[in-house]
Participant: 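Got a structure here, written out as structure tokens. Questions coming.
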Amino acid sequence: MPANFSHPAVPDPLPDFSESLAALQAKIPVLRESPHPPLGVVLGSGLGGLADAIESPTVIPYREIPGLAASTAAGHRGEFIVGHLASRPIIAMAGRLHVYEGHSLPDVTRPVALMAGIGISELVVSCAAGGLNPSFSVGDLVLIHEHSSWLGGKLGAPPTLFQSPINPSSAPASAAGWFQRRLSTCDPTLDQIAHQTAHKHGFELRRGMYLAVNGPNYETRAECRMMRGLGADLVGMSTVPEILSASSAGVRTIGISVVTNLALPDAPVTADHADVLEVCERAADRLQQIVRAIATHGA
Ligand code: HPA
């Protein structure tokens with residue numbers, strides 16, 4: 001073991017992105033003027049509608065920020081939307097980056113790392129997911145209270161089964177302080193606000209374990225059976241790197257999935273990307289209520 005090996009309490013996993021950060025900050029004076037720290041939101045497939053609720057929005061395409069990759073997936077706009085929601089400054093990522101688009105994990109997590117850099121205090125990460133838990137229905141909202149990642153760092157690389165997973169920097173895991181840390185991240189306060197909101201508005205918020213895979217194909221029946229057997233409730237192609245990146249930077253974070261299709265081995269239902277987008281549109285109002293409640297809490 002190298003002499004300078006150490007386990008910092010909070011690792012510093014972020015690569016130097018001062019140029020990207022300065023470019024983003026220059027475009028959003030509104031965030032600097034507010035007495036409250038901004039809330040961050042990642043809007044997953046088909047969930048970009050929440051961006052329309054942001055008041056006095058400033059739209060910043062990722063391509064205008066040096067060092068950020070463009071989003072190419074359908075239903076992902078590839079823009080930061082900055083403004084206010086429920087009197088709280090907010091920065092939303094309308095569209096995310098995925099490993100299946102050919103992006104590296106540092107690229108996938110960089111927009112979130114930038115949001116942490118500009119000072120968000122909380123982050124809500126939303127996503128579409130397949131429901132592996134047979135008690136789930138299409139359209140359910142599920143709070144991700146546990147996760148596991150099989151995301152390989154390179155497109156085409158075999159999944160890294162149980163590799164403790166995402167070091168969002170390109171530094172070796174030990175150097176970044178990830179070694180032997182148990183990376184479980186669901187902020188209890190945000191969890192509670194989300195559940196209270198669901199109760200107040202009369203909809204159900206389920207809980208589940210999210211398994212992240214490379215995609216872009218959906219799972220075979222054999223894979224669904226295996227994943228369920230391993231305890232996963234949800235399967236999707238994103239979210240875990242973003243949650244880890246934000247929470248390791250000290251941002252209180254929760255992930256919420258919309259079940260867009262059932263990934264049940266014995267009742268296989270084929271879902272295409274258009275179905276996924278349509279179900280998400282229908283779930284967007286409920287998600288928005290949760291985001292509003294979290295915004296109000298911090299305002
Ligand atoms: N598998 C993986 N990712 C997904 C799914 C799925 O069934 N549905 C939405 N995203």
Participant: With no hydrogens and no angle check, do the side chains of His199 and Gln196 hold a donor and an acceptor under 3.5 Å apart?
Facilitator: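 Judged by distance alone, the side chains do not pair up.
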Participant: Looking at Asp233 and Arg207, is any side-chain nitrogen of the basic one under 4.0 Å from a carboxylate oxygen of the acidic one?
Facilitator: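 So Arg207 does not pair with Asp233 through a salt bridge.
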Participant: Mark yes or no for whether Glu64, through its side chain, and Pro61, through its backbone, hold a donor-acceptor pair below 3.5 Å.
Facilitator: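 Checking the backbone N and O of Pro61 against the side chain of Glu64, no donor-acceptor pair under 3.5 Å is found.
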Participant: Distance-only, no hydrogens or angles: does the Arg206 side chain make a donor-acceptor pair with backbone N or O of Ser135 under 3.5 Å?
Facilitator: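 Such a contact is found between Arg206 side chain and Ser135 backbone.
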Participant: May I ask you to test the Val41-Leu123 pair for a side-chain heavy-atom distance under 4.5 Å?
Facilitator: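 The answer is no, as the side chains (C-beta and beyond) never meet within the 4.5 Å cut-off.
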Participant: Which pair of heavy atoms, one from Val240 and one from Ser148, lies closest together, and at what distance?
Facilitator: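 Looks like CG2-O, 4.1 Å.
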Participant: Test your reading of the model: is there a side-chain donor-acceptor pair from Ser126 to the backbone of Val42, 3.5 Å cut-off?
Facilitator: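 Flag set: sc Ser126 to bb Val42 pair under 3.5 Å.
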Participant: Does any non-hydrogen side-chain atom of Val125 lie less than 4.5 Å from one of Ile254?
Facilitator: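 Contact flag for Ile254/Val125 side chains = no.
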Participant: Of all heavy-atom pairs between Ser248 and Ser245, which one has the smallest distance, and what is that distance?
Facilitator: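 Nearest heavy atoms, Ser248 then Ser245: OG-O, 3.1 Å.
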Participant: Keeping Arg110 on the side-chain end and Leu114 on the backbone end, is there a donor-acceptor pair under 3.5 Å?
Facilitator: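 Absent.
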Participant: Measure across Thr109 and Pro241 and return the closest heavy-atom pair with its distance rounded to 0.1 Å.
Facilitator: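 Closest approach of Thr109 to Pro241, heavy atoms only: CG2-O, 3.4 Å.
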Participant: Would you check if the side chain of His195 reaches a backbone N or O of Asp191 as a donor-acceptor pair within less than 3.5 Å?
Facilitator: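 At least one qualifying donor-acceptor pair exists.
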Participant: Show your working on side-chain contact (heavy atoms from CB on, under 4.5 Å) between Ile91 and Ile81 and close with a plain yes or no.
Facilitator: CA-CA 6 Å; Ile91 174 162; Ile81 320 272; over 6 Å; no
Participant: Looking at every heavy atom in both Val259 and Val142, which two are closest together, and how far apart are they?
Facilitator: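 In terms of heavy atoms, the two residues are closest at CG2-CG2, 3.7 Å.
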Participant: Does Thr197 form a side-chain contact (heavy atoms from CB on, under 4.5 Å) with Leu205? I'd like the steps, not just the answer.
Facilitator: CA-CA 9 Å; Thr197 307; Leu205 179 62; over 6 Å; no
Participant: With a 4.5 Å heavy-atom cut-off, do Ile144 and Ile256 have their side chains touching?
Facilitator: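 Side chain of Ile144 against side chain of Ile256, heavy atoms only: no contact under 4.5 Å found.
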Participant: Output yes when a side-chain donor or acceptor of Arg96 lies under 3.5 Å from a complementary backbone atom of Cys127, and no otherwise.
Facilitator: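 Pair absent, no side-chain N/O of Arg96 close to backbone of Cys127.
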Participant: List the steps and the verdict of side-chain contact (heavy atoms from CB on, under 4.5 Å) for His201 and Arg286.
Facilitator: CA-CA 8 Å; His201 292 277; Arg286 283 169 284 151; over 6 Å; no
Participant: Indicate whether any N or O donor in one side chain lies under 3.5 Å from an N or O acceptor in the other, for Ser247 and Arg252.
Facilitator: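 No, no side-chain donor-acceptor pair sits under 3.5 Å.
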Participant: Distance from Leu43 atom CG to Glu79 atom CD, nearest 0.5 Å?
Facilitator: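 It comes to 11.0 Å.
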Participant: Is there a side-chain contact between Glu242 and Pro111 in this structure, where contact means two heavy atoms from C-beta onward sitting under 4.5 Å apart?
Facilitator: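 Of all side-chain heavy-atom pairs linking Pro111 with Glu242, none is under 4.5 Å.
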Participant: Quick check for you: to the nearest 0.5 Å, what is the distance between Leu141 atom CG and Ile290 atom CD1?
Facilitator: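 That separation rounds to 5.5 Å.
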Participant: How long is the straight-line distance from OG1 of Thr296 back to CG of Leu39, given to the nearest 0.5 Å?
Facilitator: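 Separation between the atoms: 9.5 Å.
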Participant: Under a 4.0 Å threshold between the charged nitrogen and the carboxylate oxygen, would Arg88 count as salt-bridged to Glu122?
Facilitator: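 Counted as a salt bridge, because a side-chain N and a carboxylate O are separated by less than 4.0 Å.
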Participant: Counting N and O atoms only, with roles assigned by atom type, does the side chain of Ser20 sit under 3.5 Å from a partner on the main chain of Pro66, one being a donor and the other an acceptor?
Facilitator: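 Yes; judged by distance alone, with no hydrogens or angles, the pair exists.
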Participant: Report yes if the side chains of Asn261 and Tyr218 come closer than 4.5 Å at any heavy-atom pair, otherwise no.
Facilitator: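 In short, these two side chains touch, coming nearer than 4.5 Å.
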Participant: Side chains of Ser238 and Tyr100: closer than 4.5 Å at any heavy-atom pair?
Facilitator: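 Result no, sub-4.5 Å side-chain heavy-atom pair not found.
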Participant: Please find the pair of heavy atoms, one from Ala53 and one from Gln288, that lie closest to each other, and give the distance.
Facilitator: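 Shortest heavy-atom separation between Ala53 and Gln288 comes out as CB-OE1, 3.4 Å.
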Participant: So, does Ser137 use its side chain to make a donor-acceptor pair with the main chain of Asp140 at under 3.5 Å?
Facilitator: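 It does not hold such a pair.
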Participant: Give a yes or no answer on whether the side chain of Thr260 reaches the backbone of Ala128 with a donor-acceptor pair at less than 3.5 Å.
Facilitator: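 Here the side-chain-to-backbone pair does not exist.
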Participant: Check whether Met93 and Val251 end up in the same hydrophobic cluster, where Ile, Leu, Val, Met, Phe, Trp and Tyr are linked by side-chain heavy atoms less than 4.5 Å apart.
Facilitator: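 Met93 and Val251: one cluster.
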Participant: Does the side chain of Cys224 come within less than 4.5 Å of Leu264's, by heavy atoms?
Facilitator: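 Side chain of Leu264 against side chain of Cys224, heavy atoms only: no contact under 4.5 Å found.
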Participant: When rounded to the nearest 0.5 angstrom, what distance separates CD in Glu223 from CG in Leu132?
Facilitator: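 So the CD of Glu223 and the CG of Leu132 are separated by 11.0 Å.
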Participant: Test side-chain contact (heavy atoms from CB on, under 4.5 Å) on Arg292 and Leu85 and set out the steps.
Facilitator: CA-CA 7 Å; Arg292 270 184 191 281; Leu85 187 76; 3.7 Å; yes
Participant: Roughly how far apart are Ile54 CD1 and His84 NE2, rounded to 0.5 Å?
Facilitator: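 The distance works out to 11.0 Å.
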Participant: Quick check: do Met209 and His147 have side-chain heavy atoms less than 4.5 Å from each other?
Facilitator: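 No - every pair of side-chain heavy atoms lies 4.5 Å or more apart.
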Participant: Spell out, as yes or no, whether a donor-acceptor pair under 3.5 Å connects the side chain of Ser149 to the backbone of Leu151.
Facilitator: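 Yes: the side chain of Ser149 pairs with the backbone of Leu151.
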Participant: Could you state the interatomic distance from CZ (Phe80) to CD1 (Ile118), rounded to the nearest 0.5 Å?
Facilitator: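 Separation between the atoms: 7.5 Å.
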